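Quick notes on the structure that follows.
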Amino acid sequence: MSFVEILDNLALRKSRVVESFEHLIAPKADQELEAMARVSRLLTLQNFGRTMRLFAPLYLSNECINNCRYCGFSRDNSILRVTLDAAEVVAEGQHLAHHGFRQILLVAGEHPKFISRGYLAECVRALAPDFASISIEVAPMETQDYVPIVEAGAEGLVVYQETYNRSVYAEMHTSGPKRDFNFRLDCAERGYSAGFRRIGIGALIGLSRWQDEAVALAAHLEYLFKRCWQAQISVSLPRLRPAAGGFYPLFSMADRELAQLVCALRITFPQLGIVLSTRERAPLRDSLALIGVTMMSAGSHTEPGGYTRLGREHLHRTVRGRIVAPEYQDGEDELATGQFEISDERSPAEIVTVLRERGLEPVWKDWDQVLQGATTF
């Protein structure tokens with residue numbers, strides 16, 4: 001049975017795993033939540049040790065062919081756009097490598113004219129000498145289109161379903177190929193078939209009730225752990241942040257509820273990687289690092305060229321998808337528009353210091369890949 005079928009019947013038929021998870025995210029008294037946090041902390045230590053993997057997003061392009069009501073890159077938003085060339089991508093990568101990163105996530109808007117499989121493979125090949133782990137977060141592709149990117153050196157694929165609610169999904173995605181709900185839903189499996197050994201999924205918190213999204217997310221994780229059993233599975237829990245276009249989240253999720261969700265995921269899936277981005281405030285990130293999060297971004301920029309300020313000579317503005325001259329508004333920085341605002345603006349070095357003060361060891365490098373590539377005697 002495909003996950004499309006499982007999701008469509010989820011209201012009527014849930015596995016024992018999902019039912020147990022649903023109980024864990026139900027309202028809890030403070031004492032119950034504290035008990036969950038202790039169990040979550042213990043399971044995290046047992047499965048991951050006192051470590052925290054650090055990565056950085058590297059935005060390649062903010063061009064996009066889709067209209068998504070919540071996204072700063074949405075086609076009809078009149079924003080400053082650019083697609084970095086390979087040399088500029090390498091410069092951005094070298095900046096991150098200088099700060100210690102050996103794991104990066106290549107991110108781009110969804111526009112096949114600018115972000116082709118050939119362009120992605122070229123970027124991955126150019127970055128591979130400096131990075132032990134390269135993942136991509138781009139438009140969903142067919143299996144055969146992923147293969148050359150994997151062969152170039154990418155090992156991870158990240159794709160958010162955004163929302164598992166079909167009606168909300170249709171309302172949020174008003175035009176463009178992203179409107180194909182099922183094609184996006186099956187993307188993780190296609191990537192796994194192409195050879196990605198890390199698979200990351202997630203839902204945007206704020207488009208629907210977080211409890212409903214979480215149940216569907218848990219069902220998806222259970223399915224992937226069975227079907228993509230040779231891959232390392234991770235999940236991201238991004239709460240919507242302000243972005244170009246002025247979209248306001250339809251539903252809210254309190255910090256306490258986010259902490260409960262992290263605990264519930266850890267208890268249900270002890271070996272699951274849990275990712276937390278700089279969307280969240282520094283104090284909350286520091287707290288969640290102690291109870292279940294295993295991977296964090298640091299010093300992030302969500303605009304192409306954000307680390308080096310390269311690409312400015314290619315800047316242009318779009319008006320309903322049409323390219324026009326980049327006239328700057330008063331006070332506007334001559335830099336491509338970011339996807340969303342970040343909350344944790346600490347440098348990588350500052351985050352490393354805080355992690356060590358809390359008894360965690362930052363991990364910059366993917367030792368699994370290094371060991372697997374070692375010569376056998």
Side-chain angles (χ1 to χ4, degrees), residues 55-99 101 103-111 113-115 119-120 123 126-127 134-139 158 160 204 236 238-247 275 277-280 296-319 321 323-348 351:
F55 77 99
L58 196 168
Y59 277 73
L60 307 175
S61 172
N62 58 356
E63 304 281 359
C64 197
I65 200 171
N66 300 303
N67 269 317
C68 307
R69 291 178 54 194
Y70 52 82
C71 183
F73 291 173
S74 187
R75 187 197 70 183
D76 285 354
N77 285 342
S78 179
I79 64 172
L80 292 172
R81 300 185 190 264
V82 72
T83 298
L84 303 181
D85 62 32
E88 291 163 344
V89 170
V90 169
E92 289 273 287
Q94 289 175 343
H95 173 93
L96 293 171
H98 175 74
H99 285 276
F101 291 103
Q103 304 175 70
I104 56 171
L105 173 65
L106 304 184
V107 188
E110 301 188 5
H111 201 307
K113 177 181 177 181
F114 297 94
I115 311 299
Y119 169 79
L120 289 167
C123 290
L127 293 166
I134 301 176
S135 297
I136 63 169
E137 184 181 341
V138 298
V158 175
Y160 297 165
L204 287 176
S236 300
R239 294 189 290 184
L240 280 171
R241 294 281 299 145
F247 179 80
V275 184
S277 77
T278 51
R279 290 173 181 258
E280 301 298 343
M296 299 172 67
S297 55
S300 302
H301 281 270
T302 70
E303 68 276 8
Y307 299 108
T308 61
R309 301 186 69 83
L310 291 175
R312 284 177 291 172
E313 61 271 26
H314 312 308
L315 278 177
H316 58 271
R317 192 178 293 278
T318 57
V319 177
I323 294 177
V324 299
E327 297 179 1
Y328 302 106
Q329 300 174 5
D330 291 343
E332 185 174 26
D333 194 6
E334 295 183 17
L335 194 65
T337 304
Q339 188 175 27
F340 56 85
E341 295 179 8
I342 65 171
S343 294
D344 187 349
E345 297 183 344
R346 293 175 297 180
S347 70
I351 290 177

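Source: prediction; values computed, not measured.
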query = OG of S61 to CZ of R81: how many Å apart, nearest 0.5 Å?
reply = 8.5 Å
inquiry  = Determine whether L60 and V89 satisfy the following criterion, side chain to side chain contact (heavy atoms under 4.5 Å, CB included), listing intermediate values before the conclusion.
reply    = CA-CA 7 Å; L60 307 175; V89 170; 3.7 Å; yes
message = Can you tell me how far apart CG (L58) and OG (S135) are? Round to the nearest 0.5 Å.
response = 12.5 Å
inquiry  = I'd like to check F55 versus V275 (side-chain heavy atoms, cut-off strictly below 4.5 Å). Are they in contact?
reply    = yes
query = Which is it for L80 and V82 under the side chain to side chain contact (heavy atoms under 4.5 Å, CB included) test, yes or no, and what are the steps along the way?
reply = CA-CA 7 Å; L80 292 172; V82 72; over 6 Å; no
inquiry  = For the CD1 atom of I65 and the CD1 atom of I115, what is their distance to the nearest 0.5 Å?
reply    = 12.0 Å
ask   = I79 and G72: which non-hydrogen atoms are nearest, and at how many Å?
value = CD1-O, 3.4 Å
message = Less than 4.5 Å apart, side chain to side chain, heavy atoms only: is that true for L315 and L335?
response = no
inquiry  = Please check this pair: side chain of R309 against backbone of G306, looking for a donor-acceptor N/O pair closer than 3.5 Å.
reply    = no
task = Describe, in one word, how the ring planes of H95 and H99 are oriented to each other, choosing from parallel (under 30°), tilted (30 to 60°) and perpendicular (over 60°).
result = tilted
key: Spacing of CZ belonging to F340 relative to OG1 belonging to T302, to within rounding of 0.5 Å   = 5.5 Å
ask   = Which pair of heavy atoms, one from L127 and one from V90, lies closest together, and at what distance?
value = CD2-CA, 4.1 Å
key: S297 side chain reached by P57 side chain, heavy atoms, under 4.5 Å   = yes
ask   = Does the side chain of E341 reach to within under 4.5 Å of the side chain of R279, using non-hydrogen atoms?
value = no
query = Between R317 and S78, is any pair of side-chain heavy atoms under 4.5 Å apart?
reply = yes
inquiry  = For a quick check under 3.5 Å, do S74 and R69 share a side-chain donor-acceptor pair by atom type?
reply    = no
request  = Assign the ring pair Y70 / F247 to parallel, tilted or perpendicular, where the plane angle (0 to 90°) is split at 30° and 60°.
outcome  = perpendicular
query = If every non-hydrogen atom of I342 is compared with every non-hydrogen atom of R241, which pair is closest and at what distance?
reply = O-NH2, 3.9 Å
ask   = Taking it one step at a time, do I351 and D344 satisfy side chain to side chain contact (heavy atoms under 4.5 Å, CB included)?
value = CA-CA 10 Å; I351 290 177; D344 187 349; 4.1 Å; yes
Test log, rule side chain to side chain contact (heavy atoms under 4.5 Å, CB included), inputs H314 and D85 = CA-CA 10 Å; H314 312 308; D85 62 32; 4.0 Å; yes
message = Please give me the minimum heavy-atom distance between L96 and A56, naming the atom from each residue.
response = CD2-CB, 3.7 Å
message = Minimum heavy-atom separation for P238 and Y160, please, with both atom names.
response = CG-CE1, 3.8 Å
ask   = Are any non-hydrogen side-chain atoms of E303 and Y59 less than 4.5 angstrom apart?
value = no
key: Side-chain donor/acceptor of N67 to backbone N/O of D76, under 3.5 Å   = yes
remark   = Smallest heavy-atom separation, E63 atom then T83 atom, equals CG-OG1, 3.3 Å
query = Is any side-chain heavy atom of E280 closer than 4.5 Å to a side-chain heavy atom of M296?
reply = no
Test item: side-chain donor near acceptor, H301 and E92, under 3.5 Å = no
ask   = Atom CG of L106 and atom OH of Y119: how far apart are they, to the nearest 0.5 Å?
value = 8.5 Å
request  = Could you check if a side-chain atom of L120 sits within less than 4.5 angstrom of a side-chain atom of V138, using non-hydrogen atoms only?
outcome  = yes
inquiry  = To the closest 0.5 Å, what do you measure between CZ (R75) and CD (E110)?
reply    = 13.5 Å
